[in-house]
Amino acid sequence: MSKTKLALNVVNDLRNLAMSIEDLVIAIEMNQPEKIATKEITEPISEPETKQPTLEEVRAKLAALSQDGKQKEVKALITEFGAKKLSDVPAEKYVELLKKAEKL
């Protein structure tokens, strides 16, 4: 995810937080605590978006493992994804690759 998109996500989250704080203050000023409770119950909690790691992040993790003496395991992990080198692994497989790397 680009830095610009991350920054826009932070801006959006801050706006949502500001609106929630404003709703809370208004409800407290109007002495309507039931409005707060109702809003919490009726609004579904969305799952956080799984961050798509970049090639650089995956490379850094695998490089750290290689430096810890796990070069063979890292190479085997890359070939497990049908690739000869990390840049051949499809970007949509990075999350899965990192999960498997964590187990090494």
Side-chain angles (χ1 to χ4, degrees):
M1 186 177 293
S2 71
K3 289 181 181 180
T4 303
K5 186 163 182 173
L6 286 173
L8 290 173
N9 285 344
V10 170
V11 168
N12 189 34
D13 290 344
L14 288 173
R15 284 183 180 145
N16 289 335
L17 177 61
M19 287 189 296
S20 295
I21 291 171
E22 183 179 1
D23 290 345
L24 175 65
V25 170
I26 291 169
I28 290 172
E29 286 177 347
M30 298 177 75
N31 196 18
Q32 296 178 349
E34 66 277 353
K35 179 180 177 186
I36 298 167
T38 305
K39 187 167 185 170
E40 288 180 28
I41 293 170
T42 58
E43 289 185 3
I45 298 173
S46 61
E47 289 294 319
E49 211 177 273
T50 303
K51 180 183 171 260
Q52 179 66 31
T54 63
L55 175 62
E56 292 78 20
E57 292 169 335
V58 176
R59 182 173 283 132
K61 176 64 179 174
L62 296 182
L65 289 171
S66 291
Q67 290 173 354
D68 287 342
K70 298 185 179 183
Q71 297 92 345
K72 290 181 183 178
E73 291 91 338
V74 169
K75 183 65 176 170
L77 189 59
I78 292 171
T79 56
E80 184 179 324
F81 285 86
K84 291 187 177 191
K85 55 186 178 180
L86 179 59
S87 58
D88 293 337
V89 176
E92 58 270 4
K93 298 287 186 177
Y94 289 168
V95 172
E96 184 181 350
L97 177 63
L98 284 177
K99 285 180 182 178
K100 289 186 176 194
E102 291 291 329
K103 296 177 184 177
L104 295 180

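Keep in mind it's a predicted model, so treat the numbers as computed, not measured.
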Visitor: Show me the donor-acceptor pairs, under 3.5 Å and distance only, between side chains in residues 94-104 and residues at least two apart or in other chains.
Guide:
from	atom 1	to	atom 2	distance (Å)
Lys100	NZ	Glu80	OE2	2.4
Glu102	OE2	Lys61	NZ	3.4

Visitor: Measure from the side-chain N and O atoms of Lys75 to the backbone N and O of Lys85, and report whether any donor-acceptor pair falls under 3.5 Å.
Guide: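 Between the backbone of Lys85 and the side chain of Lys75 there is no qualifying donor-acceptor contact (under 3.5 Å).
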
Visitor: As an exercise, state the distance from CD of Glu57 to CZ of Arg59, rounded to the nearest 0.5 Å.
Guide: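 These two atoms lie 12.0 Å from each other.
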
Visitor: In Å and rounded to the nearest 0.5 Å, what is the CG to CG distance from Leu8 to Asp13?
Guide: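 If I round to the nearest 0.5 Å, the distance is 11.0 Å.
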
Visitor: Between Val89 and Val58, is a side-chain contact (heavy atoms from CB on, under 4.5 Å) present by the stated rule, with each step listed?
Guide: CA-CA 10 Å; Val89 176; Val58 176; over 6 Å; no

Visitor: Can you establish whether the number of heavy atoms outside Glu92 located under 6.0 Å from its atom CD is more than 12?
Guide: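 Yes, because the 6.0 Å sphere around CD of Glu92 holds more than 12 heavy atoms from other groups.
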
Visitor: As an exercise, state the distance from CG of Asn12 to CG of Leu17, rounded to the nearest 0.5 Å.
Guide: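 Reported value, rounded in 0.5 Å steps: 11.5 Å.
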
Visitor: CG of Leu77 to CG of Leu65: how many Å apart, nearest 0.5 Å?
Guide: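 Reported to 0.5 Å precision, the distance equals 8.5 Å.
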
